[in-house]
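One structure below.
Numbering of ligands and ligand atoms starts at 1, following listing order. The structure displayed is predicted, hence computed values, not measured ones.
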Amino acid sequence: MKVVIKAEECFSCGLCYVLAPRVFVEGAEGKAELDPKYRRGSPYEGEVPDELAPEAIRGMMTCPVKAIDVEPS
Ligand code: SF4
């Protein structure tokens, strides 16, 4: 699954990295970042394995400002 975090929209609430900690981590100033294992050139973009798709989707669904996009690779 492709995951993109729109960092400019993230307001550091922490919900995604608390509820989906295998995909998202806390970055600078509390902003969400992708786990370093899955990044592709940016802390905010990458690919997660299929077994983590439900967790990535949970993070997307929980974000109050829809700052996370998840789509099939
Ligand atoms: S849930 Fe959304 S606003 Fe909250 S830390 Fe994650 S990306 Fe940022």
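- Residues Ala56 and Val3 share a closest heavy-atom pair of CB-CG2, 4.1 Å.
- Atoms of ligand 1 lying under 4.0 Å from at least one heavy atom of Cys63, given by number and element, are 1 (S), 2 (Fe), 3 (S), 7 (S).
- Residue-ligand proximity, Ala32 to ligand 1, at heavy-atom distances under 4.0 Å covers atoms 6 (Fe), 7 (S).
- Salt-bridge check for Arg39 with Glu47: failed, with every basic side-chain N at 4.0 Å or more from each acidic carboxylate O.
- Of all protein heavy atoms, the one closest to atom 8 (Fe) of ligand 1 is Cys10 SG, 2.4 Å.
- The distance from ligand 1 to the heavy atoms of Gly14 drops below 4.0 Å at these ligand atoms: 4 (Fe), 5 (S).
- Considering every non-hydrogen atom in both Ser12 and Tyr17, the closest pair reads O-OH, 4.3 Å.
- Counting protein heavy atoms only, atom 4 (Fe) of ligand 1 is closest to Cys13 SG, 2.3 Å.
- Using a 4.0 Å cut-off between a side-chain N of Lys or Arg and a carboxylate O of Asp or Glu, Glu55 and Arg22 qualify as a salt bridge.
- For atom 6 (Fe) of ligand 1, the nearest protein heavy atom (residue, atom name, distance) is Cys16 SG, 2.3 Å.
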inquiry  = Run Phe24 and Glu33 through side-chain contact (heavy atoms from CB on, under 4.5 Å) and show every step you take.
reply    = CA-CA 6 Å; Phe24 303 99; Glu33 295 184 358; over 6 Å; no
